[in-house]
Asks: 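Got a structure for you, written out below as structure tokens; questions coming shortly.
This one's a predicted model, so the numbers in the text were calculated from it and none came from an experiment. Letters A, B, ... mirror the listed sequences (proteins, then strands); counts begin at 1. Computation of the quantities below employed the complete heavy-atom set of this structure, encompassing side-chain atoms and omitting hydrogens, waters and symmetry-equivalent molecules.
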Amino acid sequence: VHLGDVTMVVILVGLALYVVLAGADFGAAVWQAAAGRSPQADALREHAHESMSPVWEANHVWLIFVLTVLWTAFPEALGSIASTLGVALFAAGLGIIVRGAAYALRTGISTPAALRRIDALSAISSVLTPFALGAAIGGIASGRVPVGNAAGDLFASWLNPTSIAIGVLSVVTSVYLAAVFLAADAGRRGDAALARAYRLRALGVGAVAGAIAVAGLIVLRSDARGLFDALLTGDGLPGVIVSVLAGLATLGLLASGRGEPARYTAALAVAAIIAGWALAQNPVILPHLTIRQAAAPHDTLVAVLVAVGAGGALLFPSLALLFGLTLGGHLQPGAGASPAPPGGRGLLAASRAGMLGRAAVACLIAGIGLLTIAEGSWPHAVGVVALLGFLVLGFLAAVPGLLEPGQAAGGRPGR
Amino acid sequence: VLAALNPVVQEHLLEGRQMQALSFAVHIPLVCFGIAFPAMVLFAEWLFHRTGDPLYRLLARRWTRVMVALFAVGVITGTILSFEMGLLWPNFTATYGAVFGLGFAVEGFSFFMEAIFIGIYVYGWDRLSPRMHLLSGIPIIITGLTGSFMVISVNGWMNHPSGFTLHDGRVTAVHPVDALFGNPYFWHELVHMYLAGYIVTGFVVAGAYAAGRLRGRWSRYERTALAIPLTVAALAAPVQVLVGDWAARDVATSQPTKLAALEGLGHTERGAPEHLLGWYTQDRVRYGIRIPKLLSLLAFHDPNARVQGLDAVPPRDRPPVNVVRVAFQTMVGIGTLMALLGVFTLLVRVRRRRLPESVWFYRALVALAPLSVVALIAGWVTTEVGRQPWVVYRVMRTADAVTGAGGIPVGYATLAAVYAAVACGVVWILRRLARAPMDDGGSPPTAPGPIPGGAEA
């Protein structure tokens, strides 16, 4: 097994997670904007916002993961992609800015009209980013990104039939995934009416997504025949088959009112199509450049895979905790109040404060001596540690005396 | 040609550099809040746990809302930066990604953990047990450190590259771990930036409450909210002077041309003087205050040490001296003011056991809030413009790293407009959060209130 192939699988897993998780977040913004003013609108809108708020930041970090691993392990490919597809990627970046800013701003908005405006803005960006990223993938998949610094066409590389088909499919898929996830979330929270509303929406958009996928294949047939053949008669076929089956299963589950398993089959359908694309294109990453040719030197790949393994060992339990708490409703409004902590103790005795203060001064003197006067790496390292010690001890010594309730009256030491 | 991709002529290189600089300048103050603010929020929450005094809980909860809003903006500005590494400098990434990329890949994980635990912490108020909630904040502080560690390791490598050999424009014999973490130049940058995070956050938060005090808002809540960040900044600012001195000595040995630009030293000389203020022209500083032999003493601990001047390298290898020098003097000047104010604060604390009371002290605090951010950005201008014309010091020129794509000015203008709008939005949201009613937030925020979805924190 070549380490370049392993690393590419890691990148594709990250990409699939980004497309599914961040896609659902982008789609949720569309549902917020599309909620309208009906009696149910507020509930639809707030549910879409509340379901995504605790997880949106983590979901978007998958893109950073994909980018950073790609430029470490396949630097030449990343440089070629980023320069030729610069306009598409910049447009995607603008959409991400607006989506994130909308989250930040929404926390301070109090009138329904302002809320609708910010949701509309957010939805525009949510269409822009999936489209631009999908179009960029279309450019790569149809062989329009040559190796080189901006060697391909800045616009035709992502504004072409294949790119537009994949871009539109990305947008619709995001909206569809969001509806499926929101239906499942509402079901978990026991809100049957909301779950039903989103289930119906998911069914409708799911049918549209399927139709667009079929239309996309027709476009591929005329615009990117090699990819079309590889998807339908070559290595990509298993991915396509799994995707179709999972997509049909999702619609069946939704129609029979089982939102929770539909969440996973919908995600599988999307992941399978990404796998199908990767298999269809393997081993070529860009025209005349294979994955193994593009891969970074061996030591770098080892370091990246070790980092991904170690990072994953921390990341996945943490993600499981976050999604467990979110899906379990523990991070939703009204999830139950907590008991008060013990409390009742004073901050710091005055004598302890004095002792801490003297220790802080000792650290400061040691730090000056070792960092500023002495030479050499080890004295400097110890000096830095001593100065950090001064900061921590000094803070613990100085702050309590300033916080006691009687402080304003002037000059009363700590308890 | 020493690069993986074909060389290009980019007529808008300067705009590309400015676009990158704008993106950094917007992101870095938010990084400071990512580094230091969680620690302050968590300290306030810990005070509540220890004393049971609801005032600390109120403070922690109100600060949490600020933290999450700024973190959200930091996520997007950070994403844009990672885009720009490829969009603006594809040849830098294509040629050296295998060497430095690991730092960003690990930073990606760090960012991930930060986002996860921010989500848990922010939405876990009242919903997790108090103990669990306090614990869920600790990873945020740790990832603030590891994130800085990774990003600065890459910057340290760009300033002092090693861990690879070049062969036909491609890197071979790459040792990314040595290149990033075995780099002696890296440590002063890390400590300097990490402290800057606490100083900027401390002065900006303290400045906000100082402005409130000047307008008569001075209850125990405001005093507490000012005392915590002020104490942090007052302790860290004088220490930063020592760390900065250490950094300058490392620059003197590793990047003598950058040091010469910082000081406007045209010619190599023994017993080199230091100039305060002034303007560099015709190989020397004019109109400045000259202090004989001080530069040699500071840089090499020897008043007669030989200091390399700009004339040691050909003109095309020199950075723009006045940009670097003015930025450096701005940073040092503001840094000195902050250190003096810090020492004054600590003296009043030790001798009078209270906060200073003079109205001028609070006016100075209000002024230092924006000035601390200016010093931060000036510091980055010093090191980044001081490295020019190299993107990888003495290995790859910035002009060889840039994209061949057109339209950089359009992208720059668009990003500037979008960031201006985001900045207005951030100011607006912070003002709204500051004016939010002083309720304890004890009852869980529920949707059917007047602020639907508006009070998650």
Side-chain angles (χ1 to χ4, degrees), chain A residues 46 49 54 57-58 61 64-65 67-69 71-72 75-76 78-79 82-83 86 90 93 96-97 100-101 103-105 108-110 148-150 154 296-297 299-300 303 307 311 315 318 322 330-331 333-335 337-338 341 343-345 371-372 384 387 391 394 398-399 401-403 411 413, chain B residues 4-6 8 49-52 69 72-73 75-76 79-80 82-83 86-87 90-91 93-94 97-98 101-102 104-106 108-109 111-112 115-116 119 123 126-127 129-130 174 176 191 224 227 231 235 239 242 246 349 353 403-405 411 422 425 429 432 444-447 451-454:
Chain A
E46 289 319 307
H49 179 69
E57 281 154 336
V61 183
I64 294 181
F65 171 83
L67 281 175
T68 55
V69 177
W71 82 42
T72 311
E76 210 175 325
L78 185 277
S83 53
F90 185 67
I96 291 171
I97 297 179
Y103 264 110
L105 291 180
I109 284 177
S110 53
N149 187 346
L154 277 187
D299 282 16
T300 300
L315 175 65
S318 309
L322 174 65
H330 299 296
L331 299 184
S338 54
R345 282 175 289 172
L371 182 67
T372 307
V384 167
L387 288 177
L391 295 180
V399 147
L402 298 175
L403 298 183
Chain B
L5 303 180
N6 51 306
V8 294
H49 278 239
R50 191 167 165 92
T51 64
V73 183
V75 168
I76 56 182
T79 307
I80 293 306
S82 65
F83 270 57
L87 291 182
N91 220 357
T93 315
L102 179 70
F104 283 128
V106 179
F109 278 102
F111 198 14
F112 229 135
I116 290 169
Y123 295 93
D126 290 330
R127 296 158 198 168
S129 76
V174 177
V191 177
T224 308
T231 308
L235 286 158
V239 170
L242 303 173
W246 169 38
R349 167 64 187 85
R353 297 176 178 274
T403 179
V422 169
I429 185 93
R432 270 202 79 94
T446 43
I451 309 179

Asks: Considering non-hydrogen atoms only, spot the tightest contact between B:A115 and A:V61 and give its length.
Replies: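 The answer is CB-CG2, 4.1 Å.
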
Asks: Contact part of A:F90 toward chain B, heavy-atom cut-off under 4.5 Å: side chain, backbone, both or neither?
Replies: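 Both the backbone and the side chain of A:F90 come within 4.5 Å of chain B.
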
Asks: Any donor-acceptor pair under 3.5 Å linking the side chain of B:N6 with the backbone of A:G148?
Replies: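 Not at all, since once roles are kept as given, no pair shorter than 3.5 Å links the two residues.
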
Asks: Which heavy-atom pair separates A:I64 from B:F111 by the least distance, and what is that distance?
Replies: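 For A:I64 versus B:F111, the nearest heavy atoms are CD1-CE2, 3.3 Å.
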
Asks: Out of curiosity, B:N91 CG to A:E76 CD, how far, rounded to the nearest 0.5 Å?
Replies: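 Reported value, rounded in 0.5 Å steps: 9.0 Å.
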
Asks: Taking side chain as everything from C-beta outward and backbone as N, CA, C, O, which of these in A:L371 sits under 4.5 Å from a heavy atom of chain B? Side chain, backbone, both or neither.
Replies: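 Both backbone and side chain of A:L371 come within 4.5 Å of chain B.
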
Asks: Picking from B:G119, B:A105, B:A69, which has the most non-hydrogen pairs under 4.5 angstrom with chain A?
Replies: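 Of the options given, most contacts go to B:A105.
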
Asks: How far apart are the closest heavy atoms of A:S83 and B:A405, and which atoms are they?
Replies: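 Result for this residue pair: O-CB, 3.8 Å.
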
Asks: Under 4.5 Å heavy-atom distance to chain A, tell me which part of B:L102 shows up: side chain, backbone, both or neither.
Replies: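 Answer is both: backbone and side chain atoms of B:L102 are under 4.5 Å from chain A.
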
Asks: Report the option among A:T72, A:L67, A:T68 that has the most heavy-atom pairs separated by less than 4.5 Å from atoms of chain B.
Replies: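 Answer, by heavy-atom pair count under 4.5 Å with chain B: A:T72.
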
Asks: So which of B:G108, B:A72, B:A98, B:G425 has the biggest tally of heavy-atom pairs under 4.5 Å with chain A?
Replies: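 Option with the greatest count: B:A98.
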
Asks: Sort A:L315 into side chain, backbone, both or neither according to what part of it lies under 4.5 angstrom from a heavy atom of chain B.
Replies: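 For A:L315, heavy atoms of backbone and side chain both lie under 4.5 Å from chain B.
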
Asks: Just how far is it from atom CG of B:L242 to atom OG1 of A:T372, taken to the nearest 0.5 Å?
Replies: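 Reported value, rounded in 0.5 Å steps: 4.5 Å.
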
Asks: With a 4.5 angstrom heavy-atom cut-off, is it the side chain or the backbone of B:V174 that approaches chain A, or both, or neither?
Replies: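 It is both, since atoms from each part get that close.
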
Asks: Indicate yes or no: at least one non-hydrogen side-chain atom of B:S82 is less than 4.5 angstrom from one of A:W71.
Replies: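 A side-chain contact under 4.5 Å exists here.
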
Asks: Give me the atom names and distance for the closest heavy-atom approach of A:L403 to B:A227.
Replies: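 Closest pair (atom of A:L403, atom of B:A227, distance): CD2-CB, 4.0 Å.
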
Asks: For A:L78, which atoms come within 4.5 Å of any heavy atom of chain B: side chain, backbone, both, or neither?
Replies: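 The side chain, not the backbone.
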
Asks: Taking all non-hydrogen atoms of both residues, which atom of A:A58 and which atom of B:I116 are closest, and how far apart?
Replies: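 Scanning both residues, the minimum pair turns out to be CB-CG1, 3.9 Å.
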
Asks: Count the heavy-atom pairs under 4.5 Å between each of B:V191, B:T224, B:T403, B:V73 and chain A, then report the option with the highest count.
Replies: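 Option with the greatest count: B:T403.
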
Asks: Which one wins on heavy-atom pair count under 4.5 Å against chain B: A:L391, A:V399, A:I97, A:L154?
Replies: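 Of A:L391, A:V399, A:I97, A:L154, A:I97 has the most heavy-atom pairs under 4.5 Å with chain B.
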
Asks: Excluding sequence neighbours, so at least two apart, what forms ring pair (Phe, Tyr, Trp, His ring centres under 6.0 Å) with A:Y103?
Replies: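 Per chain and number, A:Y103 pairs via ring pair (Phe, Tyr, Trp, His ring centres under 6.0 Å) with A:H49, A:W56.
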
Asks: Any idea which heavy atoms bring A:A398 and B:T231 closest together, and the distance?
Replies: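 Smallest heavy-atom distance, with atoms named: CB-CG2, 3.8 Å.
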
